Amino acid sequence: MYNERPDIRNRVIALIVIFVVVLGALGIRLWSMQVINGKSYAKEAKANRLREATTIAPRGRIFDRNGKELVSNRSTMAVLAPATIVNDKELVKRLADVLSMTSAQVIEKASTQKESALELHQIAIDVPMKAVSYISEHSSEFEGVEVQARAVRTYPNGSVAAHILGYTGEISDTDLNSEDFKGYNPTDIVGKTGAERSFESVLQGVRGRRVMEVNASGSPQRVIEETPPEPGQDIYLTIDLGVQKVAEKAVRDAIKDANNKGYKANAGSAVAIDVTNGEVLAMASYPTYNPEDFINGISQETWKKFSSKKSNYPLTNRAISSTYPPASTFKSFTGLTALNYGLATPNTTFVCRGLWTGLGKQWGKWCWNHAGHGTENLRAAMMDSCDAYFYEVGYKAYKSKKESLQKMARSFGYGSQTGIDLPGEVSGRVPDKKWKAAWNEDYPEYKKWLPGDSVNMAIGQGDMLATPLQIAASYAGIAEDGTVYQPHVLKSVLDSEGKTVLKAKKKVAFESEASASSIHIIQNNLHDVVALGTASSAFRGFSIPVSGKTGTAQKTNQDDYAVFTAYAPSNNPKYAVAVVIEQGGSGGGVAGPAARQIFAKLFGKKVNHVTATDNSR
Amino acid sequence: MKKFQLTKYVNPSFLAIIGLLLLYGTIMVNSATSGSGLKRQLFGIAVGAVLLGFFWWFDYRKMKDWIVPLFILDALLMLSPRIPGLGYNAKGATSWLALGGKIRLFQPSEPAKLVTIILLASIMVAYKGKIGSLKDYLKILGLSFIPVILILTQPDLGTGLVFIAIALGMLIMAGAKARWIIATVVIGLSLGIGMVWIDGIADTKVGHDVLLKDYQKNRLLVFVDQNLDPTGAGYNLKQSKIAIGSGQTTGKGLGAGTQGNLNFLPERHTDFIFSVVGEELGFAGAMALLALYLALLMVSLNIAVSSVDLFGTLLVTGVMSMWVFQILENIGMTIGLMPITGIPLPFMSYGSSFMVTNMACVGVLLSVWSHRAFQSTAKGM
């Protein structure tokens, strides 16, 4: 009985110690987890239950000047999955089978670091309806997998205006890190080239955001937070779809004409601008491509093709990114130099004997007409495109030591970008003393500017280079008595209600050096070139008076490049056009008829494909 | 006849603490199961209350001489799931009695805990509170290990550890020398670690599990490296820690635990009920529970000390040892202090077998308390 009870005091103390140690250890651990480190656990709990999905804003549409759709969006289906899908090999296999992909491809898409850990990863886009409905009907077998509607670009006119519109694609790392693309997601689709690129900030829109609560198996339970996407703004371009189509066809026709005449022509471009404000109505470049090819990411194969020499670089917008010798079209500016700086008057005559020997007999240079043009004043020299006359002017300019040719050329925009609102514009080249010295830095014997350099430049050859757009813009400048408006393709920006929020304003890009009286003389001469001179064959019977100039540029080891540029109507100019056909043979014979088609469309006349002959250069 | 005095039979603070714990547990199970577990929990408490009443009324001292029948009962309870058609296998252990092997009745290892406590008390009381020789100590230790070996046949390692904890606690009170007990713990731990190690080698040599099952080994590995395999073997631990930690100081609010409600927490109404407490009620709620447990243990200790005989003291010590080990193991595993096993939390976890056993234990304690001062009157009961 209990009187035999031993002294248990120490045993009781031992048990108390055990109780306190056990509960104390638990308490301390809980203190550290809940009070000290609670915040980081709270973050983990949040990461467990929250999935963030961004809803992509539809990109703004692109219209032509008359509201015809050039680029629009079409709805397609994308399949998305959480990054954790890679842990479930069987699910990956199932999904891969449905999407006609390999498991490895699914895993690669699911494990890109582009999306954040909370986001769903895009596994496939443009998924066929059959696969979409299979996944929806068997959703229990595809836990966490989501099907979402996506808007992708669509081009109702196919490849028409491809170079102006440009294409879109997933943002590059370089862009992502640049200041212009601050706040973009690594999966954003952005404009890569053309107007898509130039007006990216307007077209893009703002992504919507949806935070969902999911359970342990990844099924969404409820929406925690939602911000709807703001669609991108629509834009109107200055392009006229009808004119654009004709311009593209005209270039193709010209290439065919040239081929029929035995020239190797395989590329070309045409530009049409409004001389009164710089609006670009058409800009064609051949060969071309279909922007549709870029929608789901360009395939390796297509990309290789596009960047091979054999394909002749269809992605290049030749109208602004390629440079050519302006050839005889430059004679207008040589003429202006002569008149403006007193090197010649309209009545000054020169006798062309075929071979020009101004630099001495041993340095004789041929006029394209070896028989000679006889006695010619400026008007006749322009109409016949007489080289000898302009050699003489060039030599006089050289002797004056004032680089007046260069000054005149630059005042019409040669040698610098016009500032058109499209990416990839190059500045061409106006050669001068300083340029030559720098260019031939390693060849001291070629550093000196020689009389021959000025003489070659006077006929738009030598080292003189210009883009088709520059050529058109400079003639727009002649048409406008010396004012060159900045060429642009953006007409207006519309908000989501269709209200115009921004209108492109005309802007003077260049003011010429030439006096109004000298320009008027050249204007008259250019009218006569088309009416009676080298371009008369191309414009025979055309009801609108056109003023322009043919040109035929020589390139080593290639057929001559055909150039023609003009503005119309002569008395009250509205549009300027430039056409360059690589290896097209003859400006008047090949490029002129192309320009005629474009003018016809611009003025609402019947578009005729005429054949013309012209032997000048 | 002396006048019946209710206050002599009732230990108000003890009953208050039990009441609060049951209330706390019911609220948490209700929250963790969104109400669906409430009925069964209350059923467990109701059945438990009947047993509590019975053991309270019953004079515990009568059980002192039932060594042989208790041994037989213990063995029957623990081996019964092995009888074909009676057992039910859940999570690798055949620990349920079931009708036709399908309809689960109860886990016999739960009542076996109380039977074992009574059995060990009966054995130890014979030494009159002083285990003087090592031979006696080893003899008692050996007898205490019979229930442990029996339970390992199921095999339920976690419950086996509970039996060891009960035996060790009671040995302290029975008068074993401190150094023997410490030596026993040290040797036991070393043997355990050694066995796990040898088992690993044996498994690779033989090509299949020898002693420990794969999931048991994984639980130990995860315990050692808590960041291991967070989507597989380490999932439960990781999610439980996130739940408790994210409860922070005051919790996310009752019923507002995201880890629980969105199914990140496994077994949240049974073994991981404490994770729900930690998540929904935070450090404050967890501390309140620990405080209740500390009070429970202290009041129980007072009952042990107040007992009229050593047998009563030993019984109460056995029950306390069971509770304290289960509290340590259950809460410890949810916060990464102990490896994960399937040990429920006293008065909190959902599960009627466990609840009924604990209520019966409370009845035994109340019986000890009731008989403390008036043996003569108590005898007449």
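Keep in mind the model is a prediction, meaning the values are calculated, not measured. Sequence lines set the chain letters: A, B, ... in the order given, protein chains first and strands last, and positions in each chain run from 1. Side chains included, hydrogens not; waters and symmetry mates left out as well; all remaining heavy atoms used.
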Report task. Look at A:Arg9, A:Lys43, A:Arg11 and state which one has the largest set of heavy-atom pairs under 4.5 Å with chain B. Result -> A:Arg11
Query raised in the report: Side chain, backbone, both or neither: which part of B:Ala176 has an atom under 4.5 Å from a heavy atom of chain A?
Result: neither
Report task. Between chain A and each of B:Gly175, B:Ala286, B:Gly332, B:Gly247, count heavy-atom pairs under 4.5 Å; write down the option with the most. Result -> B:Gly175
Query raised in the report: chain B heavy atoms under 4.5 Å from A:Gln221: which part of the residue, side chain, backbone, both or neither?
Result: side chain
Query raised in the report: Which residue pairs satisfy the side chain to side chain donor-acceptor pair (under 3.5 Å) criterion with at least one member in residues 316-334 of chain B, sequence neighbours excluded?
Result: B:Trp323-B:Asn358, B:Glu329-B:Thr341
Query raised in the report: Closest heavy-atom contact between A:Val214 and B:Leu262?
Result: O-CD1, 3.5 Å
Query raised in the report: Given the options B:Thr258, B:Leu297, B:Asn261, B:Leu328, which has more heavy-atom pairs under 4.5 Å with chain A than any of the others?
Result: B:Leu297
Report summary line: In terms of heavy-atom contacts, A:Ala45 and B:Lys252 come closest through CB-NZ, 3.8 Å
**Report entry** Region of B:Met173 in contact with chain A, defined by heavy-atom distances below 4.5 Å
**Finding:** both
Query raised in the report: Any idea which heavy atoms bring A:Gln34 and B:Ile244 closest together, and the distance?
Result: NE2-O, 2.9 Å
Query - Nearest heavy-atom neighbours spanning B:Gly245 and A:Tyr41 - result: C-CB, 3.4 Å
Report task. Provide the closest heavy-atom pair for B:Ser246 versus A:Ala42 in the form atom of the first, atom of the second, distance. Result -> CB-CA, 3.5 Å
Query raised in the report: Which residue out of A:Asn10, A:Val12, A:Val20, A:Asn37 racks up the most heavy-atom pairs below 4.5 Å with chain B?
Result: A:Val12
Requested in this report: Examine whether an atom of B:Leu301 lies under 4.5 Å from a heavy atom of chain A, and if so say whether it belongs to the side chain, the backbone or both; otherwise answer neither.
Outcome: side chain
Query raised in the report: Could you walk me through whether B:Lys241 and A:Glu44 pass the salt bridge (charged side-chain N to carboxylate O under 4.0 Å, His left out) check?
Result: CA-CA 10 Å; B:Lys241 280 166 77 179; A:Glu44 282 190 70; over 6 Å; no
Query - Contact listing (chain B partner; residues 22-31 of chain A; heavy atom under 4.5 Å) - result: A:Val22, A:Leu23, A:Ala25, A:Leu26, A:Gly27, A:Arg29, A:Leu30, A:Trp31
Report task. Pick one of side chain, backbone, both or neither for A:Lys39, based on which atoms fall under 4.5 Å of a heavy atom in chain B. Result -> both
Requested in this report: For A:Glu226, look at atom CD and say whether over 12 heavy atoms of other residues, nucleotides or ligands are found less than 6.0 Å away.
Outcome: yes
Query raised in the report: Taking B:Asn263, B:Thr249, B:Ile172 one by one, which has the highest count of heavy-atom pairs under 4.5 Å against chain A?
Result: B:Ile172
Report summary line: A:Phe19 and B:Val324 have their tightest heavy-atom pair at CD2-CG2, 3.7 Å
Query raised in the report: From B:Phe325 CZ over to A:Ile18 CD1, what is the distance, rounded to the nearest 0.5 angstrom?
Result: 12.5 Å
